[in-house]
Amino acid sequence: VIMNKIESCDLYKKYKDNPSVKFIQDINIEDELLGKNTQKQPSRKKDLRFGIYTSFYNTGWNADSLYKDLCSQTYKNWKWFITDDFSQDDTKEKLLKIASEDDRVVFCEQQSKREMYWNSQKFISEDCDYVVLCDSDDGLYPQALRLYNHLLNKNPDVSSFAFWLHQYANDITDHKN
């Protein structure tokens, strides 16, 4: 498992001494991506397809920004599954507009709140190798999916990972501008 090292987080405290857990901050990203890390390990399929799942609730203010983050990825093999979790604002309209303009974006209609998470089999695409859950108020760094693909190929024994990037944390009070 590859996790983000957040020392105040209970998950970090629980797994910090577990040898099967790797922390993203302990991996030299440049060395990994440039192939400078010479450890040989068995590999898997080289071009993984990521299904990114995001449920929005009154966070339409970040939809365009998150979409731009995905479009800016240096790794392009992804599909974005989005849903509105019965927002009270114009979130659904913003999501439908994005989905209508890009074939890589699929709007998933829900019958009940949080259905995308509780009944994920209904929404999981068979043509995606891995599911990436991305909160609607987060962002993704441009090399995030490239790094995921690299690390998953290099570590075939890893079947899941947790990796949170709060790109807008310093900007949260100004999120509606």
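If you read the sequence from its start, that first residue is 1, and numbering goes on from there.
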Min side-chain heavy-atom separation Ile82-Val105 under 4.5 Å: yes
State the CG-NZ distance between Leu70 and Lys76, to the nearest 0.5 angstrom. 9.5 Å
Closest contact, heavy atoms only, Gly139 versus Asp69: CA-OD2, 3.2 Å
Check for me, please, whether Ile52 and Tyr57 land in the same ILVMFWY cluster - side-chain distances under 4.5 Å, paths through other members count. no
Rounded to the nearest 0.5 Å, the OG atom of Ser65 sits from the CG atom of Asp137 at a distance of 11.0 Å
Same hydrophobic cluster for Leu133 and Phe81, using side-chain heavy-atom links shorter than 4.5 Å among ILVMFWY? yes
Show the nearest heavy-atom pair for residues Phe50 and Val132, with the distance to one decimal. CD2-CG2, 3.7 Å
Would you confirm whether Asn58, through its side chain, and Gln88, through its main-chain N or O, come within 3.5 Å as a donor-acceptor pair? yes
Sidechain-backbone polar pair: Thr83 side chain, Glu109 backbone, donor-acceptor under 3.5 Å: no
Gln73 to Ala144 - nearest heavy-atom pair and separation: OE1-N, 3.4 Å
Rounded to the nearest 0.5 Å, what's the gap from SG on Cys128 to CG on Asn77? Could you check? 8.0 Å
Do any N or O atoms from the side chain of Glu101 and from the backbone of Leu96 form a donor-acceptor pair under 3.5 angstrom? no
Under 3.5 Å: donor-acceptor pair, side chain of Asp84, backbone of Thr91: no
Which is it for Arg49 and Asp127 under the salt bridge (Lys or Arg N to Asp or Glu O under 4.0 Å) test, yes or no, and what are the steps along the way? CA-CA 7 Å; Arg49 180 156 188 166; Asp127 67 339; 3.6 Å; yes
Close side-chain approach of Tyr67 to Arg104, heavy-atom, < 4.5 Å: yes
Counting neighbours of NZ on Lys94 that are heavy atoms of other residues, nucleotides or ligands and sit closer than 6.0 Å, is the number greater than 12? yes
Picking from Trp78, Tyr130, Tyr75, what satisfies side-chain hydrogen bond (donor to acceptor under 3.5 Å, both in side chains) with Asn149? Tyr75
Nearest 0.5 angstrom please: Asp90 CG to Trp61 CH2, how far? 13.0 Å
In terms of heavy-atom contacts, Cys71 and Asp102 come closest through SG-OD2, 4.4 Å
Short question: side chain of Thr59, backbone of Phe56 - any donor-acceptor pair under 3.5 Å? no
Flag, side chain of Asn62 to backbone of Ser136, donor-acceptor distance under 3.5 Å: yes
Using the rule given for side-chain contact (heavy atoms from CB on, under 4.5 Å), can you reason through Leu152 versus Leu48, listing the C-alpha separation, both sets of side-chain angles and the distance that settles it, and then say yes or no? CA-CA 9 Å; Leu152 287 166; Leu48 300 171; 3.7 Å; yes
Would you check if Thr54 and Asp135 make a side-chain contact, meaning some heavy-atom pair closer than 4.5 Å? no
